[in-house]
Amino acid sequence: MTRKLSLLLTVSLLILSSCDPLRVYEENKEIEGDSWKASDKKIFEFRMEDTVSPFNVFINVRHRGDYPYSNLYLFITTHRPDGKMSVDTVECMLQGNEGKWLGDGIGDLYHNRLFFRSGVRFPVKGDYSFTFEQAMRTDELPHITDIGMRVEKMP
């Protein structure tokens, strides 16, 4: 009986992991104490071998319902394998005009997947690094629980 259950779980995990064929990279990092300090930089690193295909790059934000703002500003620094670097300031809208939280919610927790870049071609093979910093004019940003990044091949 235990062997059948183990086999069923293994097969289920394989099926679930193969259900997202477009995903090339995804990682989410927990914000300690649900309060994101301005000095707490989150770094996402991955290796890219495909310099031809276009990709979509997303920002994942998870927050609590008592987050005090309708948006989140980020500084995102990109380091390419050839040593080139760029810095972007990005506004992530988390709440609609009518005051309702955007994204998916379970209880008091909301998850948003927001476009950062569409149709990106990574020009150089190698290791890419993206550094996320909160840029909200406050040293500690309460009720942000996780921040993440997703790269997927365009269909």
Side-chain angles (χ1 to χ4, degrees), residues 13-97 100-106 108-155:
L13 286 173
L14 286 172
I15 289 171
L16 287 175
S17 65
S18 66
C19 288
D20 199 357
L22 298 178
R23 181 180 60 209
V24 173
Y25 169 81
E26 186 166 22
E27 184 177 4
N28 295 294
K29 296 194 176 190
E30 184 178 348
I31 304 297
E32 189 174 320
D34 293 353
S35 186
W36 195 3
K37 295 181 175 129
S39 60
D40 184 15
K41 299 176 182 180
K42 298 299 181 188
I43 301 171
F44 301 92
E45 299 173 313
F46 62 91
R47 184 160 194 81
M48 179 56 72
E49 297 294 331
D50 185 344
T51 60
V52 177
S53 302
F55 295 86
N56 288 324
V57 181
F58 297 92
I59 299 165
N60 295 332
V61 180
R62 189 172 293 135
H63 67 90
R64 299 210 177 278
D66 49 359
Y67 178 67
Y69 306 103
S70 62
N71 62 353
L72 169 65
Y73 278 98
L74 299 173
F75 296 133
I76 300 178
T77 305
T78 305
H79 293 274
R80 292 179 10 179
D82 59 4
K84 292 186 179 178
M85 179 187 89
S86 64
V87 179
D88 293 288
T89 302
V90 179
E91 181 182 19
C92 301
M93 292 306 301
L94 303 177
Q95 195 175 62
N97 291 336
K100 184 178 176 189
W101 291 115
L102 303 173
D104 298 321
I106 297 176
D108 189 38
L109 196 60
Y110 295 87
H111 175 78
N112 290 272
R113 178 170 291 146
L114 307 154
F115 266 108
F116 172 47
R117 296 261 186 256
S118 180
V120 173
R121 285 191 168 81
F122 292 92
V124 181
K125 289 183 181 183
D127 297 324
Y128 284 79
S129 172
F130 290 78
T131 303
F132 287 26
E133 300 174 67
Q134 67 97 337
M136 289 294 288
R137 297 183 184 179
T138 180
D139 187 49
E140 287 198 35
L141 189 57
H143 310 298
I144 297 290
T145 63
D146 300 89
I147 192 77
M149 179 178 175
R150 177 185 172 95
V151 179
E152 64 180 39
K153 200 172 218 174
M154 289 184 71

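Atoms considered below: every heavy atom in the structure, side chains included; atoms not considered: hydrogens, waters and symmetry mates. Numbering of residues begins at 1 and proceeds along the displayed sequence.
- A distance of 9.0 Å separates SG in Cys92 from CD1 in Ile144, rounded to the nearest 0.5 Å.
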| task | Tell me, with the steps shown, if Phe75 and Thr131 meet side-chain contact (heavy atoms from CB on, under 4.5 Å). | result | CA-CA 8 Å; Phe75 296 133; Thr131 303; over 6 Å; no
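- Judged as a salt bridge (Lys or Arg N to Asp or Glu O under 4.0 Å), the pairs with a partner in residues 77-91 (not counting sequence neighbours) are, in order, Arg80-Asp82, Asp88-Arg117.
- Rounding to the nearest 0.5 Å gives a distance of 9.5 Å between OH of Tyr110 and CD of Gln95.
- Across all non-hydrogen atoms, the minimal contact from Pro81 to Asp127 is CG-O, 3.4 Å.
- Distance check: Leu141 CG to Lys37 NZ gives 12.5 Å after rounding to the nearest 0.5 Å.
- The salt bridge (charged side-chain N to carboxylate O under 4.0 Å, His left out) search around Arg113 returns Glu26, not counting sequence neighbours.
- Take Pro54 and apply the side chain to side chain contact (heavy atoms under 4.5 Å, CB included) test, not counting sequence neighbours, and it matches Arg121, Met154.
- How far OG1 of Thr89 is from CD1 of Ile76: 9.0 Å, rounded to the nearest 0.5 Å.
- Residue pairs satisfying the side chain to side chain donor-acceptor pair (under 3.5 Å) criterion with at least one member in residues 132-141, sequence neighbours excluded, are listed as follows: Ser35-Glu140.
- Partner Ile59 forms a side-chain contact (heavy atoms from CB on, under 4.5 Å) with one of Leu72, Leu74, Asn112 and no other, that one being Leu74.
- Looking at every heavy atom in both residues, Ser129 comes nearest to Ile43 through OG-CG2, 3.6 Å.
- In this view, Tyr73 satisfies the ring pair (Phe, Tyr, Trp, His ring centres under 6.0 Å) rule with no residue, not counting sequence neighbours.
- More than 12 heavy atoms of other residues, nucleotides or ligands lie within 6.0 Å of NZ in Lys29, so this atom counts as buried by the packing criterion.
- The salt bridge (Lys or Arg N to Asp or Glu O under 4.0 Å) analysis of residues 55-72, with sequence neighbours excluded, yields the pairs Asp34-Arg64, Arg62-Asp146.
- The salt bridge (charged side-chain N to carboxylate O under 4.0 Å, His left out) test applied to Glu49 returns Arg47, not counting sequence neighbours.
- Aromatic rings from Phe116 and Phe58 are positioned such that their centres are separated by 6.0 Å or more.
- Note that the CE atom of Met85 and the OG1 atom of Thr77 stand 6.0 Å from one another [nearest 0.5 Å].
- A ring pair (Phe, Tyr, Trp, His ring centres under 6.0 Å) check over residues 121-155, counting only residues at least two apart or in different chains, returns the pairs Phe44-Phe132, Phe46-Phe122, Phe46-Phe130, Phe55-Phe122, Phe122-Tyr128.
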| said: Would Met136 and Trp36 count as a side-chain contact (heavy atoms from CB on, under 4.5 Å) here? Give the steps. | reply: CA-CA 10 Å; Met136 289 294 288; Trp36 195 3; over 6 Å; no
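- Contacts of Glu152 classified as side chain to side chain donor-acceptor pair (under 3.5 Å), with partners at least two apart in sequence or in another chain: Arg150.
- By the side chain to side chain donor-acceptor pair (under 3.5 Å) test, Ser118 pairs with Asn56, sequence neighbours left out.
- Partners of Lys125 by salt bridge (charged side-chain N to carboxylate O under 4.0 Å, His left out), not counting sequence neighbours: none found.
- For Asp50, the salt bridge (charged side-chain N to carboxylate O under 4.0 Å, His left out) partners two or more places apart in sequence, or in a different chain, are Lys153.
- We find the CG-OG1 distance between Asp108 and Thr145 to be 10.0 Å, quoted to the nearest 0.5 Å.
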